[in-house]
Structure formats: structure tokens, C-alpha cells
Engineer: 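Before I ask anything, let me first share the structure, which is written out below as C-alpha cells.
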There are 2 protein chains.
Amino acid sequence: MDARPDPYATEALCARILERHRDRVSVRKAERATHNLARIIEAVLKLSSRQGFHETSLRDLARATGLSMGGLYTYFDGKETLLLMILTEVVESVQGALAAVPPDVAEDPRAHLRWLIAAHIRLTEAMQPWFVFAYMEAKGFPPPAKRLATESELATERVFAAVLEAGAARGVFTLGDADLAAALIKPLLQDWYVKRAKYARRGIGIERYIAGVTAFVERALLTHPVSGPDRTPV
Amino acid sequence: MDARPDPYATEALCARILERHRDRVSVRKAERATHNLARIIEAVLKLSSRQGFHETSLRDLARATGLSMGGLYTYFDGKETLLLMILTEVVESVQGALAAVPPDVAEDPRAHLRWLIAAHIRLTEAMQPWFVFAYMEAKGFPPPAKRLATESELATERVFAAVLEAGAARGVFTLGDADLAAALIKPLLQDWYVKRAKYARRGIGIERYIAGVTAFVERALLTHPVSGPDRTPV
DNA sequence: ATAGAAAGCGAGCGCTCGCTCGTTTTTATG
DNA sequence: CATAAAAACGAGCGAGCGCTCGCTTTCTAT
């Protein structure tokens with residue numbers, strides 16, 4: 001029917017998770033496994049956002065999903081695996097989304113930067129609970145998971161830094177240190193999902209936010225921004 | 001001897017905590033109470049940064065401080081109080097630090113903004129483990145503590161927004177929405193303590209960071225930045 | 001030197017946690 | 001419809017949690 005189902009719908013994300021962690025899930029039927037994984041992960045994201053992952057017990061999770069303790073354990077082999085499932089899916093999604101830049105856009109550093117900013121914010125909007133989870137919970141976790149999160153963040157910054165450097169080489173951007181500039185852009189993107197309540201309270205929607213961040217960054221980095229009071233304001 | 005002891009040394013901070021929470025501490029001698037509170041809080045900050053506050057047990061804390069379980073309970077009346085002690089000290093310190101602007105600086109919006117940026121970054125540097133704790137643990141806080149944290153963050157943004165608005169009124173800054181601009185500055189300041197490891201790895205020190213953020217923000221907001229490739233780069 | 005107060009001690013209480021496993025229910029197949 | 005495989009169940013295990021309290025040690029003032 002619908003030719004292109006939403007690739008960021010929970011079921012679609014969980015189908016990829018199942019594929020990646022087939023050995024951790026003892027339920028054989030893929031459709032059933034995907035469906036129940038979606039129930040479980042939806043519940044764990046919701047509960048964790050309220051009380052944190054560590055403070056969410058498997059009994060809470062059993063109650064929220066309607067499954068039993070034993071039932072849960074046929075969909076993952078331990079609480080830590082559940083965390084890794086979510087984290088890796090987030091990491092893979094970022095990598096995939098930022099690499100999907102149209103070739104003609106990638107040719108122009110300014111357009112590429114605008115595209116990256118918008119793509120990142122839109123991705124984190126589509127997968128908001130996932131990103132909040134990965135960001136908020138990653139620090140308290142076992143070294144391999146923590147390394148995965150850190151490495152992913154660094155990779156994202158490298159993508160931005162590469163575009164900034166290409167632009168600097170062509171005189172489009174003026175910067176002292178592309179790494180520092182990229183490092184400063186990152187928290188602006190993250191703030192959209194980390195402090196979502198703040199922006200909601202102020203009536204700032206996603207389009208306004210993308211426009212605001214883009215104007216902020218371009219005014220800071222472009223070599224020749226339109227000068228004077230008529231420039232696009234933040 | 002030293003006429004002005006460091007107001008952000010752990011002992012000084014703990015003296016203020018003791019004053020504020022005198023009723024929760026059953027040890028009577030102020031000097032002894034301050035000293036041991038410092039040992040306890042230093043330990044809890046260290047352990048929490050590694051494994052999170054909730055995952056730090058009072059037995060861990062007893063081992064780290066050399067006190068016994070019962071001994072700990074003469075310095076606070078419950079784990080949650082320990083958390084509130086640290087959080088309120090952070091909130092009060094921010095409020096105090098940002099309000100301490102010299103009168104002549106406050107007259108000039110551009111100078112005031114520069115001063116605020118530097119003051120905030122330097123404060124979070126001096127109290128780094130405290131800020132990391134307050135920021136990272138905030139989501140797991142009980143509702144009253146969470147409200148305190150949110151309100152404090154909002155208050156900080158209001159300070160910035162007020163300066164931006166004063167500057168915009170005088171034509172110094174060009175902005176569409178002072179609240180959004182202030183909201184975008186905040187994560188830049190927070191990144192210094194949240195992602196400290198990232199900047200350390202890149203050899204970016206505090207002076208470089210302050211200069212980078214200041215240049216970034218001023219280029220984005222000043223109505224008449226020096227134009228062309230010779231502008232102060234980020 | 002000594003007695004009363006202050007501070008420190010740590011085994012133990014009630015509870016919840018992640019996880020297991022023998023059993024029951026559901027589902028798919030001939 | 002019978003039957004075996006798949007999935008779900010949930011009481012129970014050992015461990016660790018926050019916290020208490022009767023007792024001992026240390027300090028302080030006479």
C-alpha cells in the first residue's frame with residue numbers, strides 16, 4: 001500500500017534491532033519478535049525518560065508491557081543488552097542520516113552545512129525519545145557502551161569539521177579552528193532534544209529552531225554575511 | 001595569612017552548605033562538620049561522576065570516606081538530602097556569580113555579554129565536578145529538586161536575555177528573539193563542563209574556549225562586526 | 001583524673017533488585 | 001483434532017540497597 005513506510009517508526013527501528021541482535025532474542029518468529037520488541041522499547045523509553053533507566057526495574061517494565069518477568073527475557077538476555085540495542089540503533093541512524101546528503105548539495109559547503117544542521121535536527125525530532133535516552137543514559141554505562149557513544153559523537157563532529165574546512169579552503173567560511181567551530185555547533189543541535197520542554201514552553205517549533213540555529217551559525221562563520229541591521233537575525 | 005581564601009574551595013562551599021542545612025546535620029562542632037562534609041561531598045562527586053549518584057551506594061561512600069554507615073548519617077539525614085545540598089550550592093553559586101558584574105561593565109551591553117560568558121565559564125571551571133553532578137543527575141531528581149534545577153537554568157537565560165535586549169534596544173545587537181538567542185548561548189557555556197574530556201583531548205584550554213565562544217556569539221549577534229576575512233575567527 | 005556529651009561504629013532489618021527455571025498456555029502443523 | 005514446538009508465566013533465589021539503633025570510643029571541661 002504505502003510504498004515508503006516511515007523508516008523511523010518504532011517497528012521499523014525494532015526490525016533493524018532484531019536483525020542486529022538476533023542471537024540475544026530467543027523468540028523465533030521475526031514478526032512477533034519485532035512487534036513485542038517495539039512494545040518493550042517504547043515502554044522502556046517512556047519509563048526511562050521519567051525516572052532514568054537504572055531506576056526503571058524489569059518489574060516496572062513487565063507491568064507497562066503486560067508481559068511477565070520471564071516473558072521479557074525471551075526478547076533480551078539482560079538489562080544491559082536492552083540498553084545496547086537502543087544505543088546502537090541511535091548511533092547507526094545518525095551515521096546513516098548524515099551520510100545521505102544529495103551529491104549536488106555536498107558540492108557547496110554553505111548548502112552542505114545548512115543541510116547537515118537541518119538533517120540532524122529533523123532526525124533527532126523523529127527519534128526524540130531514542131536520542132534523549134542515548135544522551136542521558138550513556139554516561140553511567142559499561143565502558144564498551146560509553147565508548148560507542150563517545151565515538152559516535154566525535155564522528156558527527158568530524159563530518160561538520162570536514163565541511164567547515166572545505167568551506168574555509170574556498171573562502172566561504174572564516175575560522176580559526178574547524179574542530180572548535182564544529183564542537184560549538186554540536187551542542188546547538190543537541191539542545192533541541194535535550195531541552196525540548198524549554199522550547200515547547202516558549203512556543204519555538206522545529207522550523208523556527210532550524211532557522212535560528214542556521215542563522216546563528218552562518219552569521220558566526222560566513223566570511224561575507226550580509227552586513228548591517230538587515231541581516232537575517234537569530 | 002592569605003587575606004582572601006578561595007570562595008570555591010570545597011571547604012568554603014561546605015561551610016555554606018552547613019549553614020543552609022544546619023538542621024539536617026547532627027554534628028554540633030561547625031569546624032568538624034564542615035571538614036567531614038567536605039570529605040563526604042568530595043567523595044560523592046567523584047564516585048557519582050564515574051557511576052552516577054543512584055548507583056553510588058552509601059556503603060561505597062562509607063568506604064571512600066573512611067566513615068561508617070552510622071557515621072555518615074550524622075552529616076545528613078538521607079541520601080536525597082546529600083543531593084539537595086550539592087544542588088542548592090550550585091544554584092546559589094551561579095546566581096551569586098552572575099550578579100557580581102562590575103557597575104561600569106553593566107553599562108555597556110557588549111562588555112556585559114562578554115563578561116557574562118567569561119564569568120559563567122570560569123565559575124563552572126572552578127566548580128566543575130559540582131556542575132557535572134547537578135547537570136547529569138538532574139533528570140533523576142525528585143520533583144522539588146528537578147524544579148529547582150529547571151528554574152535556575154531559566155534564571156540564567158533570563159540574565160543573558162536581558163543583556164541582549166538592552167543591547168538590541170541600543171542597536172548593538174541584531175536579533176529576532178532574545179529568548180531564543182539566549183537559549184542558544186546556554187548550551188555553548190554548558191559544553192565546557194559537560195564535554196570537558198573532548199576539549200582536553202583537543203588541547204583546548206579555558207582561555208581558548210572563552211575566546212572561541214565569545215567570538216562565535218559576537219559574530220552571530222553584533223550588528224556591526226568587523227567585516228571580511230580579517231574578523232576575529234572562531 | 002573523671003564524668004558527661006559528642007561522635008562514630010557496624011550488624012541487622014525490611015525491602016527491591018536482576019535474573020532463573022519448572023510449569024502452563026498458545027500456536028502452528030500433519 | 002492431536003501433538004509437539006514455541007512462547008509466556010511468576011514464585012523464588014541470592015545479593016545489595018537505604019536506613020536504624022544499641023553500643024563503644026573520643027573529646028572536653030572541670
Side-chain angles (χ1 to χ4, degrees), chain A residues 14 17-18 21-44 47-48 50-86 137 140-142 145, chain B residues 14 18 21-41 43-44 47-48 50-86 137 140-142 145:
Chain A
C14 287
I17 288 177
L18 178 62
H21 296 92
R22 206 60 190 90
D23 52 322
R24 313 293 191 116
V25 181
S26 73
V27 170
R28 310 305 327 158
K29 268 194 64 181
E31 197 198 349
R32 188 187 202 90
T34 300
H35 179 70
N36 277 341
L37 253 185
R39 279 167 66 198
I40 292 168
I41 287 182
E42 224 153 53
V44 82
L47 291 171
S48 295
R50 280 215 277 270
Q51 55 195 81
F53 180 72
H54 276 301
E55 289 66 47
T56 298
S57 74
L58 293 180
R59 283 167 183 86
D60 291 341
L61 191 54
R63 198 177 316 113
T65 56
L67 285 168
S68 64
M69 288 292 291
L72 287 178
Y73 269 80
T74 57
Y75 293 95
F76 51 82
D77 57 9
K79 208 185 174 193
E80 191 181 315
T81 294
L82 197 51
L83 182 128
L84 268 164
M85 284 175 165
I86 299 172
E137 306 294 344
F141 271 115
Chain B
C14 288
L18 177 63
H21 297 92
R22 206 59 189 92
D23 51 322
R24 313 292 191 117
V25 181
S26 73
V27 170
R28 308 308 324 159
K29 268 194 67 183
E31 196 199 349
R32 184 184 206 93
T34 301
H35 180 70
N36 277 341
L37 253 184
R39 277 167 66 195
I40 292 169
I41 288 183
V44 82
L47 291 172
S48 296
R50 281 214 276 269
Q51 56 195 73
F53 179 72
H54 279 297
E55 290 65 45
T56 298
S57 75
L58 293 180
R59 282 169 184 84
D60 290 341
L61 191 53
R63 198 175 317 113
T65 56
L67 285 168
S68 66
M69 288 293 290
L72 285 178
Y73 270 79
T74 56
Y75 293 95
F76 51 83
D77 57 10
K79 209 186 172 192
E80 191 181 316
T81 295
L82 197 50
L83 184 136
L84 268 164
M85 284 174 164
I86 298 172
E137 305 297 341
F141 287 169

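We name chains A, B, ... by the order of the sequence lines, and we start the count at 1 in each one.
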Engineer: Provide, to the nearest angstrom, the distance between the CZ atom belonging to A/Arg39 and the P atom belonging to D/dA7.
Structural biologist: 14 Å
Engineer: Heavy-atom distance under 4.5 Å between the side chains of B/Leu67 and B/Arg39, does that happen here?
Structural biologist: yes
Engineer: Once you round it to whole Å, what is the distance between C1' of D/dG18 and CZ of B/Phe53?
Structural biologist: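 Rounded to the whole Å, the gap is 11 Å.
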Engineer: Between the protein and nucleotides 27-30 of chain D, are there any N/O to N/O pairs under 3.5 Å, and if so, what are the atom names and distances?
Structural biologist:
unit_1	atom_1	unit_2	atom_2	d
D/dT28	OP1	B/Lys29	NZ	3.4

Engineer: Should A/Thr74 be listed as having a side-chain N or O under 4.0 Å from OP1 or OP2 of D/dA7?
Structural biologist: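 No, because none of the side-chain N or O atoms of A/Thr74 sits under 4.0 Å from OP1 or OP2 of D/dA7.
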Engineer: When all nucleic acid strands are considered with a 4.0 Å heavy-atom cut-off, which category describes B/Thr65: base, sugar-phosphate, or nothing?
Structural biologist: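 Nothing, no heavy atom under 4.0 Å.
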Engineer: Indicate yes or no: at least one non-hydrogen side-chain atom of A/Leu37 is less than 4.5 angstrom from one of A/Met85.
Structural biologist: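 In short, these two side chains touch, coming nearer than 4.5 Å.
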Engineer: Does a nitrogen or oxygen in the side chain of B/Ser57 sit under 4.0 Å from OP1 or OP2 of D/dC17?
Structural biologist: yes
Engineer: In whole Å, I'd like the distance from the CD atom of A/Gln51 to the P atom of C/dT16.
Structural biologist: 14 Å
Engineer: Do the side-chain N or O atoms of B/Asn36 get closer than 4.0 angstrom to the phosphate oxygens (OP1, OP2) of C/dG8?
Structural biologist: yes
Engineer: Take the protein atom NZ of A/Lys79 and the nucleotide atom P of D/dA15, then report the distance between them rounded to whole Å.
Structural biologist: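 These atoms are roughly 20 Å apart.
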Engineer: Mind calculating the distance between CD (B/Glu55) and P (C/dG18) to the nearest angstrom?
Structural biologist: 11 Å
Engineer: Is a side-chain donor-acceptor pair under 3.5 Å present for A/Asp77 with A/Thr81?
Structural biologist: yes
Engineer: Please give, in whole Å, the distance from D/dC17 C1' to B/Leu61 CG?
Structural biologist: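 These atoms are roughly 14 Å apart.
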Engineer: Which whole-number value in Å describes the distance from B/His35 NE2 to C/dA7 P?
Structural biologist: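 One finds 14 Å between P of C/dA7 and NE2 of B/His35, rounded.
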Engineer: Quick check for you: among D/dG12, D/dA8, C/dA6, whose closest atom lies nearest to any side-chain atom of B/Arg28?
Structural biologist: C/dA6
Engineer: Taking CD1 from A/Ile40 and C1' from D/dA8, how many angstroms apart are they, rounded to a whole number?
Structural biologist: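 Rounded to the whole Å, the gap is 12 Å.
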Engineer: Between C/dG8, D/dC13, D/dA7, which one does the side chain of A/Tyr75 approach most closely?
Structural biologist: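 Side chain of A/Tyr75 sits closest to D/dA7.
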Engineer: Of the nucleotides C/dC13, D/dA11, D/dA8, which has the atom closest to the A/Met69 side chain?
Structural biologist: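 Of the candidates, D/dA11 comes closest.
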Engineer: Which atom pair, heavy atoms only, marks the closest approach of A/Ala43 to A/Leu61?
Structural biologist: CB-CD1, 3.7 Å
Engineer: So which heavy atom on B/Ala62 is nearest to which on B/Met69, and how close?
Structural biologist: CB-N, 4.3 Å
Engineer: By nearest heavy atom, map B/His54 and B/Gly70 onto DNA chain D; which one lands nearer the 5' end?
Structural biologist: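 Mapping each residue to its closest nucleotide by heavy atoms, the 5'-most match is B/His54.
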Engineer: Given side-chain contact (heavy atoms from CB on, under 4.5 Å), test B/Leu58 with B/Phe76 step by step and report yes or no.
Structural biologist: CA-CA 12 Å; B/Leu58 293 180; B/Phe76 51 83; 4.2 Å; yes
Engineer: Do B/Tyr75 and B/His21 make a side-chain contact, defined as non-hydrogen atoms from C-beta onward lying under 4.5 Å apart?
Structural biologist: no
Engineer: Within the structure, does a side-chain N or O atom of B/Tyr73 lie under 4.0 Å from either OP1 or OP2 of C/dC9?
Structural biologist: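 Checking B/Tyr73 against C/dC9: no side-chain N or O falls below 4.0 Å of OP1 or OP2.
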Engineer: Ignoring hydrogens and angles, answer whether the base of D/dG18 and the side-chain atoms of B/Arg59 contain a donor-acceptor pair closer than 3.5 Å.
Structural biologist: yes
Engineer: If you define the side chain from C-beta out and look only at heavy atoms, does anything of B/Arg24 sit under 4.5 Å from B/Leu84?
Structural biologist: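 Contact flag for B/Arg24/B/Leu84 side chains = no.
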Engineer: Need one value for A/Leu72: base, sugar-phosphate or nothing, where a base atom within 4.0 Å counts as base even if backbone is also close, heavy atoms only.
Structural biologist: nothing
